[in-house]
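First comes the structure, then the notes that go with it.
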Amino acid sequence: MHAYNRLPSSGQSSPQSPPSSPLSRSPRYRPRSSKSARPPPNTLAQRLLWIFLSFLLKRQGILIFAPLLYIAVMLFYMGTVSFDVVPVRPPPGSVYRSRQLYQKLLPQMDSDNSSADAISTIWKHSYKVGEWRPCINKSSEDLPESNGFIFVEANGGLNQQRTSICNAVAVAGYLNATLVIPNFHYHSIWRDPSKFGDIYDEEFFIKTLENDVRIVGTIPGNIMERFDHNMSNAYNFKIKAWSSIKYYTDIVLPKLLEEKIIRISPFANRLSFDAPPAVQRLRCLANYQALRFSDPISSLGQTLVTRMKKLSVNNGGKYISVHLRFEEDMVAFSCCVYDGGEKEKLDMDAARERGWKGKFTKRGKVIRPGAIRLNGKCPLTPLEVGLMLRGMGFHKSTSIYLASGKIYDSERYMAPLLEMFPLLQTKEMLASAEELAPFQNYSSRMAAIDYTVCLHSEVFVTTQGGNFPQFLLGHRRYLYGGHSRTIRPDKRKLALLFDNLTNGWKSFKRQMLNIRSHSDSKGIELKRPNDSIYSVPCPDCMCKVNKTEDSRSSSSAT
């Protein structure tokens with residue numbers, strides 16, 4: 001059947017017969033004889049193929065769908081093939097294999113007597129940038145009339161509260177306000193009802209700051225009457241985190257002058273690190289001079305320092321301290337997976353539900369433990385801390401003070417660390433039950449004891465970050481001429497090293513020494529605009545010692 005010609009017809013051509021081809025009228029065109037024509041297919045298969053090809057040639061549009069047809073066939077085929085038989089190895093560093101590595105390296109580790117203990121050699125070199133000394137000026141002038149009272153509610157643990165206290169001092173001093181001794185929130189995680197005076201020496205705090213900031217323990221009764229003796233009725237500022245001091249002068253001060261008292265709750269990290277010198281001076285003064293632990297905490301803390309030095313007599317009284325974050329809530333929050341199997345999974349699921357109801361089970365929430373480990377966010381286990389320190393050159397005879405809460409599954413996880421460092425101590429091991437009894441159920445007071453012992457160690461090792469090590473980092477710099485004597489390991493590199501079961505002890509040790517050399521053991525750090533003076537006190541809280549000063553101090557010593 002011929003297709004109809006839809007164009008207008010001319011001459012005598014019939015619509016049933018197409019116009020003759022110009023080639024048929026050409027003198028050069030000669031039709032082939034029937035003998036030379038290709039014979040039609042004979043077999044059934046050939047006929048079917050011929051019909052199919054003819055159909056495709058006549059209907060060329062179908063070729064457009066050929067790629068789609070090919071993809072559909074391939075997808076159908078792939079769906080019928082099982083790929084379970086092909087093992088997919090997780091990326092290096094994404095799985096906890098530290099226990100296997102420890103078992104492999106332990107014999108070589110114990111037989112290694114090739115180097116001296118790192119505690120006596122790690123900071124023998126001099127620093128190119130020189131030494132620094134504490135340098136915070138106190139005011140000697142009388143305070144002007146107060147613009148009103150500022151009442152803050154500090155939240156978080158020990159050192160988050162410390163941030164709040166120092167920032168509150170800075171804000172009150174800058175606004176010429178009277179600071180009421182900060183109130184501490186009761187937190188569901190720390191569960192510590194301690195007041196300011198239970199942790200810090202309140203009288204010393206007020207006395208140290210008396211010429212810079214007016215501080216009172218309670219609000220006058222005539223002001224409290226306005227609020228029915230309930231501070232929750234007072235005007236409460238909801239201030240954004242990291243607000244500038246300009247916000248306080250432009251927004252908070254006018255309200256303070258109008259109300260004569262304002263409340264700021266919560267008050268953690270509500271002041272920018274980048275602040276003018278007058279604000280930084282008040283922060284330095286509060287943190288490094290005015291805040292002193294209460295007598296009961298200081299007394300026990302110093303007792304434990306003395307005991308650690310006696311136990312470290314083979315190292316000249318020098319010991320190292322390690323801040324370990326491997327408590328159940330910390331492990332649960334990290335969402336990392338270790339080698340505890342089904343029991344660990346059940347424990348962590350229960351802990352996450354207790355502490356953060358529904359946070360980790362929200363619809364669409366995806367948790368990738370392997371990626372967390374590769375990113376260096378997993379808390380180090382006690383075993384990993386031991387491997388790291390032995391690799392960094394600390395000998396089996398090194399005395400270690402371990403600052404920590406209750407270790408998750410401690411019997412299992414602490415055994416390897418104690419095997420690598422048999423002289424390891426905790427506050428529970430150093431102090432008697434009677435000595436610890438007044439602090440036992442108060443997490444912030446227990447943390448303050450740990451803080452004191454870590455502060456006076458020769459080396460401080462931080463394993464997880466957070467406010468506790470950051471404050472110690474700065475406080476140790478303040479005490480040790482601007483240098484922190486702190487080891488901060490690269491946990492991304494550690495994840496890869498702990499997963500490499502082909503490593504021998506010599507190779508492992510070489511890489512650990514490299515991590516140590518790139519830690520904070522190499523010099524003094526100066527504060528950048530957005531750094532915290534609580535971790536980097538140079539130059540805001542310290543002055544550089546010049547050669548003249550150095551020679552004077554040398555001559556006076558002789």
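We count residues from 1, following the sequence as given. Because the structure is predicted, anything quoted here is derived from the model rather than measured.
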Should the pair [X]-[Y] be classified as a salt bridge under the 4.0 Å nitrogen-to-oxygen rule?
X	Y	answer
R477	E525	yes
D531	K527	no
K427	D450	yes
D540	R283	no
K406	E328	no

*Given the rule in the ring pair (Phe, Tyr, Trp, His ring centres under 6.0 Å) test, do F394 and F421 qualify, once you have shown the distances and angles that lead to the verdict?*
CA-CA 9 Å; F394 294 98; F421 291 98; 7.6 Å; no

Heavy-atom side-chain proximity of [X] to [Y] below 4.5 angstrom:
X	Y	value
Q464	H323	no
H185	Q161	no
S312	K318	no
Q511	K493	no
L175	T249	yes
I449	L304	yes

*Is it true that a side-chain atom of R214 and a backbone atom of P144 form a donor plus acceptor pair closer than 3.5 Å?*
yes

_Keeping N467 on the side-chain end and G157 on the backbone end, is there a donor-acceptor pair under 3.5 Å?_
no

*Any side-chain donor near an acceptor of the partner, S272 and D274, under 3.5 Å*: no

_We want to know whether R476 and S457 form a side-chain donor-acceptor pair, criterion being a heavy-atom distance below 3.5 angstrom._
yes

_Checking side chain to side chain donor-acceptor pair (under 3.5 Å) between D112 and each of H395, K396, K509, which is the one that passes?_
K509

Ignoring hydrogens, what is the shortest heavy-atom contact between [X] and [Y]? Give both atom names and the distance.
X	Y	answer
W356	D329	CH2-O, 3.4 Å
S397	L423	O-CD1, 3.1 Å
Q280	A275	CG-O, 3.6 Å
N211	L143	O-CD2, 3.6 Å
G301	V453	O-CG2, 4.0 Å
Q289	F204	O-CE2, 3.1 Å

*Step through it carefully: locate the ring centre of Y248, locate the ring centre of Y174, and say whether they are under 6.0 Å apart.*
no

*asked:* Checking F293 now: which residues fulfil ring-ring contact (aromatic ring centres under 6.0 Å, His included) with it, not counting sequence neighbours?
replied: Y200, Y451

*Please name all residues satisfying ring-ring contact (aromatic ring centres under 6.0 Å, His included) with Y534, sequence neighbours left out, ordered by chain then number.*
F471

*Can you establish whether the number of heavy atoms outside K207 located under 6.0 Å from its atom NZ is more than 12?*
no

*Give the intermediate values and the outcome of disulfide (SG to SG under 2.5 Å) for residues C284 and C541.*
CA-CA 6 Å; C284 295; C541 312; 1.9 Å; yes

*Would you give the length of the straight line joining atom CD1 of I400 to atom CD1 of I320, rounded to the nearest 0.5 angstrom?*
4.0 Å

Donor-acceptor list for residues 382-393 side chains, cut-off 3.5 Å, not counting sequence neighbours:
unit_1 : atom_1 : unit_2 : atom_2 : d
E384   : OE1    : T381   : N      : 2.9
E384   : OE1    : T381   : OG1    : 3.4
E384   : OE2    : S98    : OG     : 2.7
R390   : NH1    : M420   : O      : 3.1
R390   : NH2    : M109   : O      : 3.4

